[in-house]
Amino acid sequence: MNSLLKRQSPIQHLFDPTVGQWGELAQAAVVLAFDSEEVESRALQTLALCDVSALPKLGIKGPAAANWLQSQGVTLPEGIYRTRKQSDGSLVVRLSDNEFLLQEGFVSQTIQTLSELLGWGQEGIARVERQEASFLLAGSRALNVLAQTCAIDFRQAPHDRMVMTRIAGISCRVLPTETESKARYQIGVDATYAVSLWESLMTICQELEGRAIGTAIFTARGTI
Amino acid sequence: MTRLQPHEHQWIDRSRPIEFRFEGQSYQGFAGDVVTSALWAGGVRMVGRSFKYHRPRGTYSLAGDDVNAMFEDGERTNLRGNTLQLSAGLDLRSVNTVGGLKRDLLRFTQLASSMMPVGFYYKAFHTPRSLFPFYEGQMRKVAGLGRINPNQMAQATPKDYAFHDLLVVGAGPSGLSAALAAADEGVGVVLVEQHPHLGGSLAWQRRNDPEAVASLNTLVKSVTAHANIEVRCATQVAGCYADHWYALVDEHRLTKLRTKSLIVATGCYEQPAVFQNNDLPGVMLASAAQRLSHLYAVQPFKKCVVLAGNRDAYRAALDLQQVGVEIAAIVDLRVDGETTALGAQAENAGMEIYRNHAVYEAIAGSGNTTVQGVKICPLGDHGQLDPHSAKRLDCDGVAVSVGWMPVAGPLYQAGGRFTYADHVHQLVPTELPPTLFAAGRVQGVFHLSDRFADGRRAGLTAAVELGCSDQVVRKPIVHAGASPSHPYPIFAHKKKKNFVEFDEDLHLIDFANAHQEGYDNVELLKRYTTVGMGPSQGKLANMNAVRILARLNGKSINETGTTTSRPFHHPVPLAHLAGRRFHPTRHTPMHSWHVKAGAKLVYAGPWLRPEYYPISGKTREELILEEAQHVRDCVGLIDLGTLGKIEISGPDSTAFIDRIYTDQFASQKAGTIRYALACDETGTIIDDGIVARLDENRFYVTATTGGAAAFFRELQRWALIWQMKVELVNLTGQFTAMNITGTKTHEVLTSLTDIDLSNEAFGFGNVREGLIAGVPAKLIRVGFVGELGYEIHLPAAYGLSLWTKLLEVGKLTGIRPFGIEAQRLLRLEKGHLIVSIDTDALTNPFEANLKWVVKSKKEFFVGQRSLAILRQKQLTRKLIGFELPSEYNGPLPEECHLIVEKGEIVGRVTSVAHRSTVGKTIGLAFVRLDMTDPGTSLTIRVDQGKLVPAIVTALPFYDPGNQRQK
Amino acid sequence: MKILTCPINGPLPLQEFHYGGEVRVMPDPHTVSDSEWADYLFHRNGEPGIKREWWHHIASGTWFIAERNNVTDEILRTYLYDGTTAS
Amino acid sequence: MPYRLLKFAFSKEYPEQRMFRSDCALKDEYDVVIVGGGGHGLAAAYYLAKDHGISNVAVLEKGYLGGGGTGRNTAIVRSNYLTPEGIAFYDTSLQLFRDLSRELDLNLFYSERGHFTLAHSPASLRTMRWRAETNKHLKIDSELVTPEFIQKKLPELDLTCGGHQSPIYGALYHPPGAIARHDAVAWGYARGADSRGVEIHQKTAVTDIELRDGCVTGVHTDRGFIKTSKVLSTVAGWTPYLTKMVGLRTPLVVHPLQALVTEPIKPWLDHIVVSASLHLYVSQSSRGELVAGASLDPYELISQRSSLDFAEGLSAHMLDLFPSLGDIKVMRQWAGLCDMTPDFSPIMGTTPVEGFYLDAGWGTWGFKATPVSGMTMAHTVAQGIEHPLIKPFRLDRFNQFQLVGEKGAASVGH
């Protein structure tokens with residue numbers, strides 16, 4: 001949709017517009033980098049938190065949803081809560097037999113195209129508005145951050161299965177992913193709780209010498 | 001005072017001396033010292049005073065099992081000297097003294113001790129009643145230990161979770177062996193030890209036994225090196241909870257540990273003997289003397305008497321002699337004394353041994369601050385002693401080693417039960433749940449070789465239970481030989497200063513007296529005497545108390561029973577438990593704008609909402625009226641992001657909605673909205689909102705800010721119970737909403753949308769979907785505030801942009817944001833109620849004038865059956881509008897002021913506005929049924945009981961014809 | 001921190017759930033007497049025993065049923081409601 | 001030192017008599033059997049003997065005196081309820097409490113500390129005003145007070161609650177609000193009843209209740225059968241267990257209520273502080289311990305287990321209100337059982353079962369009602385009809401759709 005309006009991450013106002021390098025991602029202003037690439041990629045290895053709310057999401061449900069997605073060339077994950085990364089970097093989560101959550105990759109256009117194709121919905125397919133915020137928690141100390149905020153043992157969590165739980169007292173959807181054989185955790189949260197969650201996570205990250213990083217480092221890679 | 005020769009296993013680091021202060025004096029200790037060890041080394045004998053009589057107290061257990069040494073440093077309080085690691089700059093005072101430890105004025109309370117037997121405070125001070133507050137004030141002053149530092153601000157602490165297969169509590173010989181055995185089978189083990197070092201009692205009990213030392217060293221090496229074992233020292237298992245959750249507490253944090261299995265190898269507390277002056281500084285547990293010498297290189301005494309009830313006493317005696325303490329005598333309670341080689345060893349070492357003797361009394365030095373000697377007596381056939389044959393021995397200390405009590409807390413809390421076993425004269429665990437194991441002394445296994453073996457047995461059994469091993473499990477080991485504990489190391493004395501409970505200053509006689517008064521079962525005795533209720537939780541008192549009670553009742557210990565143990569096994573600071581104190585708050589997408597605009601924000605549940613937008617020089621009330629007036633005259637914009645937003649679709653959606661709400665929706669046309677009222681099954685109003693029908697089977701529903709979450713949850717459950725084909729989506733956070741309203745609304749909105757806003761195309765009570773500023777949105781034409789207006793619902797990510805856009809476009813028109821207070825005023829003028837403000841926990845629709853939305857003819861809706869019953873009943877109250885006479889200018893009513901008549905309560909104000917755009921003070925109120933007619937005069941009683949006249953007024957107060965919103 | 005196993009989301013600490021009370025069958029409102037209806041509304045089976053209860057996993061919005069011993073707090077099994085289990 | 005203590009100094013033998021007789025055999029028959037030896041049961045026995053001359057009474061307790069709710073609550077007494085019927089009832093209790101130490105000649109440490117119920121939102125402020133106004137109307141000392149007033153009385157309180165949540169808008173202040181030594185209340189009533197001939201049997205469990213034609217004829221215990229035509233149930237958390245024996249349906253469901261106590265500290269908090277929104281109530285005992293409790297456990301459970309999440313939640317809220325408590329240590333946590341009703345009011349009086357009297361539904365407010373429930377239930381059992389004060393609390397109010405409106409006020413009912 002090419003609207004007159006900009007999309008906005010619910011925590012965008014937490015970042016000083018004069019600090020770091022800003023750019024645009026899917027019609028939303030984002031911080032591309034807070035610091036040098038070297039600093040940010042080091043953080044990515046140790047402990048980093050990144051606001052990836054700008055990545056468009058699409059929810060669809062209904063008896064015809066699965067077939068329609070497949071007909072559009074989307075590879076669907078088997079089994080409820082399983083996730084499947086597409087070749088272009090976009091991500092598909094199966095919420096139930098006939099409900100899916102799709103998230104755009106950093107360079108892909110798939111989800112946005114699908115979204116426009118779908119419009120208000122079609123026979124047997126309903127569109128589910130998905131405006132939740134999402135943060136990416138990465139680095140070797142990511143598990144420590146989770147251990148301080150969540151009662152789930154993520155060391156045991158498979159890297160292709162969604163977890164619905166509570167982090168820092170807030171209901172969240174956690175998508176563990178694996179990149180370069182390193183576990184990363186994308187945390188989806190109701191946009192209205194985004195500020196609270198970000199602030200809690202960031203406090204802990206900073207105590208553990210982690211930092212906020214921009215999206216550029218992923219755009220370069222094309223994927224989370 | 002000099003320290004003993006260095007020794008590889010001592011815990012102090014002589015290369016790091018540490019200066020500290022105690023009661024205004026400077027002392028020096030070493031890193032690795034605890035405060036009391038450093039004080040003892042510095043020659044300090046009195047480290048605190050007792051709770052009730054303020055008797056001098058010294059180092060007794062050196063293990064945190066007693067609270068003789070309770071300190072404060074101005075910052076923190078109730079610090080335990082036995083476990084507080086020495087650190088630079090410590091400046092400590094003893095708690096609970098007046099005028100310092102030495103000159104403590106409260107020490108004179110001892111003089112009146114004969115007037116203060118057990119429970120004395122129940123028997124006086126209450127008559128005359130008028131005097132009790134004075135007495136209580138005095139008692140409160142002397143009670144309590146440390147003082148709170150009012151300036152201390154609680155810090156957020158980093159709580160965390162941890163996960164392992166097996167928790168082993170206690171890193172003594174059995175705990176280490178257990179951990180190792182389990183880990184070797186592939187079990188993931190966390191080994192928790194309360195001391196800063198591994199080894200448990202072996203660290204101080206068997207230091208002169210090369211074999212023991214060697215085997216301990218090997219164990220520690222393999223454990224620390226083992227990949228499957230995580231070691232946590234200086235950590236307490238403070239509590240055990242359901243499903244194998246454990247509270248681990250160290251200096252900095254609480255760790256919530258989850259495991260699949262538990263091995264308790266916590267060992268024992270050494271137990272006191274009860275004799276006259278058994279609390280003098282200088283009388284201590286033999287294990288404490290051993291800790292002093294072996295761990296901290298401090299010589300406990302010059303010359304001491306060892307009171308023996310078991311073999312360990314002889315080891316202690318030999319240990320003490322070896323560090324240069326002269327052993328005045330071993331006084332052995334047992335008829336034959338120690339018959340093993342140790343006995344002979346002691347004799348060969350030249351120690352005088354009195355068999356079948358007891359210490360009758362410790363002789364106090366000046367001010368009861370030291371020991372000068374003991375009186376000992378031979379024991380008669382029934383353990384009684386005869387003072388006349390007392391013999392005096394000079395010494396400056398008494399080392400007591402008469403028995404042990406298992407550290408049972410973790411086992412009790414994890415679901416274990418204990419029974420008293422006569423072959424060891426201690427409680428031993430029985431009936432352990434399948435995933436709970438005990439090993440070592442805690443279950444009555446005392447010989448060192450047995451403890452290693454028993455640990456391995458427990459570790460292996462746990463591994464087998466966890467399915468990690470198929471080895472054959474051996475039976476628990478049973479102790480053979482003499483009992484490690486004496487059955488009754490308790491001796492009466494006419495002077496009655498023989499303490500059973502040090503925390504609470506309870507003497508032997510107190511128990512007899514309580515028993516005489518009928519407190520003759522263990523629970524009543526505990527509550528009446530307060531034994532075990534003090535800060536050390538009875539670790540040194542409960543066992544002897546039960547022994548005493550059993551004798552008084554002439555029953556066995558098992559018949560007498562013991563009290564169980566609840567968390568916390570070890571006291572935990574509130575800050576540790578509180579952790580970071582997450583307080584999630586919800587923000588609408590427009591929140592940052594409100595903040596910039598300086599809005600006065602108010603919490604509504606988890607939400608933050610603008611109450612109004614302050615302008616300097618204007619009062620809150622002025623501004624609220626102004627914002628409201630502006631809506632009436634021009635156009636305003638309010639953030640409705642907090643509204644509950646729910647999509648209901650699917651073939652059964654109409655039927656579903658008809659069952660949820662009281663009104664009837666089957667006939668609702670697509671593109672229209674209806675007011676929707678929801679009741680619970682008892683017919684009580686729980687929520688309201690609007691139902692917008694988007695098309696045949698697609699509805700968009702709003703719910704109240706406060707009720708939305710619970711309401712949606714119930715919708716989900718009803719859909720399930722009724723097995724209806726409906727899709728429910730909670731869009732509360734996915735969408736956001738704002739209401740642009742006021743006469744000039746169109747001037748602002750038209751340019752931003754392709755939706756035809758003309759009355760013909762889009763009349764009052766309609767809903768349209770279309771693009772606003774290029775964004776797909778829903779426009780709902782509502783009349784809550786009584787002016788032309790549209791609720792705009794759109795994807796949350798665009799919320800802030802649209803909000804700013806509308807303000808920018810409307811600038812010339814004069815658009816102005818308004819807060820929830822103005823909205824509350826506007827809706828009040830229209831006579832609309834707000835659920836939970838104008839309704840309470842029992843309000844039904846009939847009382848609230850909402851009969852018109854209750855369709856009792858319908859097949860079914862939630863609450864229908866109850867409303868049918870309520871309809872038959874006479875209503876007791878009704879919601880009405882009222883206004884104050886225009887000429888009235890006295891004090892004004894507030895919400896929930898009462899309406900009275902002839903001294904009776906006849907109603908209650910639910911909403912009120914002191915100033916309104918209709919120029920009066922108006923409000924809503926519940927009143928008795930006979931007072932609802934317009935024109936009826938009411939009397940509202942306000943603060944200070946002033947009476948305010950009011951008149952019942954027809955609703956709405958504003959625009960009765962609803963012309964303006966049409 | 002008792003653990004409850006959601007049929008969809010697996011074992012999770014109890015604080016992640018909302019308790020929905022005992023599973024009770026609504027009598028036919030059209031045929032019951034007033035006092036039978038009141039009995040359904042207000043009276044409960046509070047005595048010790050195995051209860052069939054509604055539980056709701058908050059993060060995922062999943063309602064399910066747990067069979068629980070209300071004395072030992074032992075949870076015997078949990079399963080999704082299929083429309084028949086209530087009776 | 002009061003003269004009464006001199007006797008201890010000057011008597012050779014310990015001068016105190018037994019508070020209550022030691023175990024004796026059960027008789028075959030009693031006029032009244034009271035099931036439950038907690039405060040309520042013992043008080044009822046006391047008033048039966050004292051006010052109604054009925055002393056052929058047995059109190060059966062499966063554990064020990066006051067071992068249930070009596071010994072597990074946080075000992076708060078107040079009468080600032082929301083409804084006239086509630087206020088009348090609890091104020092009678094408060095008046096009885098005031099004089100109880102003298103009447104029972106046992107110091108119950110009844111200490112009037114003043115009771116604050118904090119309002120964290122305009123909404124709860126409204127409810128507080130509602131309560132204050134109704135209270136004042138019925139001559140209860142109860143007032144809505146400002147944050148400034150609160151700060152003056154409670155300098156240790158952080159009115160911003162840490163600044164990350166709704167601040168304190170005001171409070172309902174109830175000067176007569178008091179605490180007492182809860183165990184002693186049971187002991188005092190036990191002595192009073194015992195000395196008037198009532199038999200108290202500890203470690204005696206009721207296994208069944210015998211009915212004939214819908215009338216009570218006796219009670220089966222683990223020590224044998226007892227004939228009686230009147231059974232009074234005062235077992236709070238175990239009520240559903242007893243009502244099942246007589247086939248009675250009630251709204252009661254049992255939830256645990258947890259509490260904790262800190263190490264003793266010098267006098268620091270003089271008042272009783274309650275926060276409904278933070279699910280917290282706290283006071284300082286005369287021993288110096290801070291005694292704090294939370295709201296009910298969220299789900300039904302007939303068990304006195306403790307949970308860590310309770311201790312965590314309560315501690316967090318304590319620090320929200322009292323930041324200087326950070327390193328004060330929690331010694332002990334425990335739990336009691338609460339038999340809850342839908343309208344946060346008790347169930348008292350006669351029942352459809354002839355001779356079976358119910359004193360239940362004590363939820364979280366049982367202790368403060370001990371004297372008045374004893375007095376009114378004794379009256380009800382003796383006369384066979386409800387004492388006027390408890391008419392609104394009859395069991396059949398639910399069938400009549402006549403619920404008591406207390407719910408509006410009681411989210412944390414202490």
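Note: hydrogens, waters and symmetry copies are ignored here, and every other heavy atom, side chains too, is used. This one's a predicted model, so the numbers in the text were calculated from it and none came from an experiment. Reminder, nothing fancy here: chain letters follow the sequence lines and each chain counts from 1.
The side-chain contact (heavy atoms from CB on, under 4.5 Å) search around B:Thr843 returns B:Ile685, B:Thr839, B:Asp840, B:Glu847, B:Ala848, B:Arg877, B:Phe926, not counting sequence neighbours.
You'll find the side chain of B:His897 reaches within 4.5 Å of the side chain of D:Arg129, heavy atoms only. At a threshold of 4.5 Å between non-hydrogen side-chain atoms, the residues B:Leu898 and D:Thr134 count as touching. For the pair D:Pro264 and B:Pro535, the minimum side-chain heavy-atom distance is below 4.5 Å. Residues D:Arg4 and B:His126 form a side-chain contact, since some pair of their non-hydrogen atoms from C-beta on lies under 4.5 Å apart. Between D:Asp320 and B:His583, the closest side-chain pair of non-hydrogen atoms falls below 4.5 Å. With contacts defined as side-chain heavy-atom distances shorter than 4.5 Å, the pair D:Asn107/B:Thr127 does not qualify. Between D:Met19 and B:Tyr519 the shortest side-chain heavy-atom distance falls below 4.5 Å. Between B:Glu517 and D:Gln17, every side-chain heavy-atom pair lies at or beyond the 4.5 Å cut-off.
The contact between B:Leu870 and chain D is made entirely by side chain atoms (from C-beta outward), counting heavy-atom distances below 4.5 Å. Neither the backbone nor the side chain of B:Leu608 comes within contact range of chain D; no heavy atom of the residue lies under 4.5 Å from a heavy atom of that chain. Interface remark: B:Gln155 contributes no atoms to any contact with chain D (heavy atom separation under 4.5 Å). B:Ala242 does not touch chain D: none of its heavy atoms, backbone or side chain, sits under 4.5 Å away. Proximity to chain D (any heavy atom under 4.5 Å) is shown, for B:Ser113, by neither the backbone nor the side chain. With a 4.5 Å cut-off on non-hydrogen atoms, B:Val118 touches chain D through its backbone and its side chain both. Proximity to chain D involves both the backbone and the side chain of B:Tyr121, based on heavy atoms less than 4.5 angstrom apart. Residue contact with chain D, scored on non-hydrogen atoms closer than 4.5 Å, involves the backbone and the side chain of B:Tyr528 alike. Looking at B:Met70, only its side chain comes within 4.5 Å of chain D, counting heavy atoms on both sides.
Contact check on D:Glu312 versus B:Lys256 returns a salt bridge, with a Lys/Arg side-chain nitrogen under 4.0 Å from an Asp/Glu carboxylate oxygen. For D:Glu112 and B:Arg129, the salt-bridge test fails: no basic side-chain N is under 4.0 Å from an acidic carboxylate O. The residues D:Arg18 and B:Asp520 are annotated as salt-bridged, a charged nitrogen and a carboxylate oxygen being separated by less than 4.0 angstrom. Salt-bridge check for D:Lys266 with B:Glu72: failed, with every basic side-chain N at 4.0 Å or more from each acidic carboxylate O.
By number of non-hydrogen pairs under 4.5 angstrom with chain B, the leading residue of D:Ser101, D:Ala190, D:Gly288 is D:Ser101. Of all the listed residues (D:Arg98, D:Met318, D:Lys7, D:Glu289), the one sharing the greatest number of non-hydrogen pairs under 4.5 Å with chain B is D:Arg98. Counting heavy-atom pairs under 4.5 Å between each of D:Ser285, D:Pro267, D:Ala9, D:Gly67 and chain B puts D:Pro267 at the top. Taking chain B as the reference chain and counting heavy-atom pairs below 4.5 Å, the highest number among D:Leu308, D:Asp183, D:Leu325, D:Asp99 is found for D:Leu308.
Identified under the salt bridge (Lys or Arg N to Asp or Glu O under 4.0 Å) test for residues 135-146 of chain B, with sequence neighbours left out: B:Glu136-D:Arg113, B:Arg140-D:Asp270.
Considering all non-hydrogen atoms of both residues, D:Ser324 and B:Asn149 come closest at CB-O, 3.6 Å.
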Given the rule in the side-chain hydrogen bond (donor to acceptor under 3.5 Å, both in side chains) test, do D:Arg305 and B:Tyr241 qualify, once you have shown the distances and angles that lead to the verdict? CA-CA 8 Å; D:Arg305 61 100 183 88; B:Tyr241 301 90; over 6 Å; no
side-chain hydrogen bond (donor to acceptor under 3.5 Å, both in side chains) between D:His137 and B:Arg941: does it pass, once the steps are laid out? CA-CA 10 Å; D:His137 184 83; B:Arg941 187 174 57 210; 3.1 Å; yes
Might you work through the side-chain contact (heavy atoms from CB on, under 4.5 Å) test for B:Asn78 and D:Ile328, ending with a clear yes or no? CA-CA 8 Å; B:Asn78 290 1; D:Ile328 297 306; 5.7 Å; no
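Annotation: B:Phe125 is not in aromatic contact with D:Phe109 [ring centroid separation under 6.0 Å not met]. Between D:Tyr169 and B:Tyr603, the gap from one ring centroid to the other reaches at least 6.0 Å.
Heavy atoms of other residues, nucleotides or ligands lying less than 6.0 angstrom from NZ of B:Lys496 number 12 at most. The environment of CG in B:Asp680 is crowded: more than 12 heavy-atom neighbours from other residues, nucleotides or ligands sit within 6.0 Å.
Checked by atom type and distance alone, the side chain of B:Gln152 never pairs as donor or acceptor with a backbone atom of D:Pro323 at under 3.5 Å.
For the pair B:Arg908 and D:Trp130, the distance from NZ or CZ to the six-membered ring centre is under 6.0 Å and the angle to the ring normal is within 45 degrees.
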